[in-house]
Amino acid sequence: MARLFSPAPFVIRQLEKAVTLKNSAENYGSVAKWLHWATAVLFLASYCAVYYRHWFTENRTAENIIALQLHLSVGISIGVVVFLRLLWRVSNRAPTPESNNPLGNFMARAGHIALYAVMIIMPLTGYLGSGGSTNFFFLFEIPGFADTPLFSLIVRDGLGMTFEAFEKPLDFIHKEILGQWFAWILIAGHILAALYHHYILQDRTLQRMTTG
Ligand code: HEM
Ligand code: HEM
């Protein structure tokens with residue numbers, strides 16, 4: 001009798017693929033990896049644009065304005081990616097920590113929470129503190145927060161504040177506290193911790209966010 005085609009191996013292979021999209025106890029899945037590395041690249045691009053503007057351009061020249069618009073566009077993209085990342089994170093367990101050191105695991109967890117906080121607060125303070133009406137999201141024009149009905153309703157009419165008074169503390173957080181210091185310290189600590197796990201402890205922490 002001719003052997004009937006069995007769909008079981010095909011279905012199992014597809015299921016296996018679907019499972020690797022999600023995190024497991026041992027590894028980050030491919031969605032979490034893509035979202036993680038996309039955020040890392042976008043952070044770098046956002047810093048490059050704003051510091052190129054500061055260090056290499058004269059005020060009000062074309063390059064100066066393009067570098068700022070690039071910073072805004074990449075910054076808003078980070079906001080979108082982080083929103084998706086948070087949704088994925090709450091519906092997905094993180095892998096079990098590789099090390100059994102409770103202090104190390106506590107620090108890693110605190111570091112990750114702080115990184116998530118930075119990833120949310122930076123785009124938020126950046127946008128809420130944007131007053132110019134010619135902000136761009138790449139090719140599309142978007143209104144600065146000061147030109148939105150939300151600003152008029154909540155800040156101007158509700159709180160009775162001018163945009164200048166409203167943006168001052170946001171700018172301070174965006175630039176002076178997080179942008180210039182805290183984000184750098186956190187990211188540097190995060191990278192050093194990943195290298196420490198890889199080269200000194202020689203565990204799979206870095207591998208499971210890359211090839212694992
Ligand atoms: C994760 C995303 C972001 C990061 C890491 C980031 C980082 C920074 C940094 C480091 C600075 C310069 C601080 C300094 O004065 O030395 C800056 C300035 C600025 N950011 Fe962001 N930013 C982000 C998102 C945004 C967004 C979404 C907007 C607005 C839509 C924005 C608007 C601005 C503006 C207007 C400035 C002042 C420009 C200047 O001083 O040249 N940023 N940002
Ligand atoms: C070269 C740069 C980077 C390297 C080598 C790196 C490496 C890693 C590794 C190995 C993990 C897994 C840690 C574990 O399993 O305990 C991880 C997770 C994480 N990384 Fe990075 N990372 C980098 C850049 C960044 C940047 C720029 C950010 C954000 C600004 C970031 C935010 C995070 C967060 C929030 C987690 C926790 C993920 C979760 O459990 O949801 N990383 N990173």
Side-chain angles (χ1 to χ4, degrees), residues 23 25-29 31-33 35-55 57 59 64-65 67-82 85-86 88-99 104-105 107-132 135-137 142-146 167 170-184 186-198 201 203-212:
N23 300 342
E26 293 81 33
N27 277 316
Y28 282 98
V31 174
K33 285 179 193 166
L35 289 170
H36 173 270
W37 292 110
T39 323
V41 169
L42 289 171
F43 251 77
L44 184 67
S46 160
Y47 269 109
C48 285
V50 83
Y51 283 121
Y52 175 80
R53 176 175 203 249
H54 277 212
W55 295 335
T57 67
N59 251 343
N64 184 268
I65 293 163
L68 178 61
Q69 294 301 345
L70 210 57
H71 176 72
L72 308 187
S73 303
V74 173
I76 288 170
S77 311
I78 294 176
V80 175
V81 172
V82 167
R85 193 169 167 182
L86 280 173
W88 190 251
R89 180 67 176 80
V90 291
S91 58
N92 249 270
R93 55 164 302 169
T96 315
E98 283 283 306
S99 124
N105 290 341
M107 281 170 61
R109 202 171 152 70
H112 291 165
I113 291 172
L115 282 166
Y116 272 116
V118 164
M119 289 189 287
I120 295 166
I121 296 171
M122 284 309 279
L124 212 57
T125 50
Y127 180 70
L128 294 181
S130 65
N135 291 314
F136 285 91
F137 180 67
I142 50 165
F145 180 62
E167 89 167 330
L170 294 175
D171 268 8
F172 184 67
I173 295 171
H174 188 85
K175 297 187 202 166
E176 260 123 274
I177 298 189
L178 295 187
Q180 287 175 10
W181 293 104
F182 196 62
W184 278 120
L186 265 183
I187 293 171
H190 180 65
I191 295 173
L192 286 177
L195 295 176
Y196 175 74
H197 274 278
H198 193 69
L201 300 181
D203 62 25
R204 292 182 63 255
T205 301
L206 182 58
Q207 213 181 332
R208 61 197 197 160
M209 190 44 112
T210 50
T211 55

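Along the sequence shown, the residues carry numbers beginning at 1. Predicted model only: the values in this text are computed from it and were never measured. Atoms within each ligand, like the ligands themselves, are counted from 1 in listed order.
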Trainee: Got an N/O contact under 3.5 Å between Trp37 and ligand 2?
Mentor: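 Min N/O separation from ligand 2 is not below 3.5 Å for Trp37.
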Trainee: Check each heavy atom of Leu68 against ligand 1 and say whether those closer than 4.0 Å belong to the side chain, the backbone, both or neither.
Mentor: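 It is the side chain that touches ligand 1; the backbone stays farther off.
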Trainee: Show the atoms of ligand 1 that are less than 4.0 angstrom away from any heavy atom in Tyr47.
Mentor: 5 (C), 10 (C)
Trainee: Got the closest protein heavy atom to atom 40 (O) of ligand 1, with its distance?
Mentor: His54 NE2, 2.9 Å
Trainee: Yes or no on side-chain hydrogen bond (donor to acceptor under 3.5 Å, both in side chains) for Asn27 and Arg208, after CA distance, side-chain angles and deciding distance?
Mentor: CA-CA 5 Å; Asn27 277 316; Arg208 61 197 197 160; over 6 Å; no
Trainee: Any N/O/S atom from His112 (main chain or side chain) under 2.8 Å of atom 21 (Fe) of ligand 2?
Mentor: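 No, His112 does not qualify, because none of its backbone or side-chain N, O or S atoms lies under 2.8 Å.
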Trainee: Of all the heavy atoms in Thr205, does at least one lie under 4.0 Å from an atom in ligand 2?
Mentor: yes
Trainee: Can a non-hydrogen atom of Arg208 be found less than 4.0 Å from any atom of ligand 2?
Mentor: yes
Trainee: Do other residues, nucleotides or ligands put more than 12 heavy atoms under 6.0 Å from Tyr196 OH?
Mentor: no
Trainee: What protein N, O or S atoms come within a distance below 2.8 Å of atom 21 (Fe) of ligand 1, ordered by chain and number?
Mentor: His71 NE2, His174 NE2
Trainee: Which protein heavy atom lies closest to atom 11 (C) of ligand 2, and at what distance to 0.1 Å?
Mentor: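 Here the closest protein heavy atom is Met209 CG, 3.8 Å.
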Trainee: Quick one: which ligand 1 atoms are inside 4.0 Å of a heavy atom on Tyr51?
Mentor: 10 (C), 16 (O)
Trainee: So is Arg85 in contact with ligand 2, going by heavy-atom distances below 4.0 Å?
Mentor: yes
Trainee: Taking 4.0 angstrom as the limit and counting only heavy atoms of Tyr116, give me the atoms of ligand 2 inside it, by number and element.
Mentor: 35 (C), 38 (C), 39 (C), 41 (O)
Trainee: Counting non-hydrogen protein atoms only, what is the nearest one to atom 32 (C) of ligand 2? Give residue, atom name and distance.
Mentor: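 Sorting protein heavy atoms by distance from atom 32 (C) of ligand 2 puts Leu115 CD1, 3.5 Å first.
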Trainee: Within a distance under 4.0 Å of any heavy atom of Ile78, pick out the atoms of ligand 1 and give their elements.
Mentor: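 Contacts of ligand 1 toward Ile78, numbered from 1: 1 (C), 2 (C).
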Trainee: For atom 30 (C) of ligand 1, what is the closest protein heavy atom, and at what distance to 0.1 Å?
Mentor: Tyr127 CA, 3.8 Å
Trainee: With heavy atoms of Arg53 as the reference, note each atom of ligand 1 found under 4.0 Å away.
Mentor: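 Answer for ligand 1: 38 (C), 39 (C), 41 (O).
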Trainee: Counting non-hydrogen protein atoms only, what is the nearest one to atom 14 (C) of ligand 1? Give residue, atom name and distance.
Mentor: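 That would be Gln180 NE2, 3.2 Å.
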Trainee: Looking at Ile191, which atoms of ligand 2 are within less than 4.0 Å of one of its heavy atoms?
Mentor: 1 (C), 2 (C), 3 (C)
Trainee: Is the shortest distance from a heavy atom of Leu206 to ligand 2 less than 4.0 Å?
Mentor: yes
Trainee: Which single N/O/S atom of His190 lies at minimum distance from atom 21 (Fe) of ligand 2?
Mentor: NE2
Trainee: I'd like to check which ligand 2 atoms, numbered from 1 as shown, lie under 4.0 Å from a non-hydrogen atom of Tyr28.
Mentor: 12 (C), 14 (C), 15 (O), 38 (C), 39 (C), 40 (O)
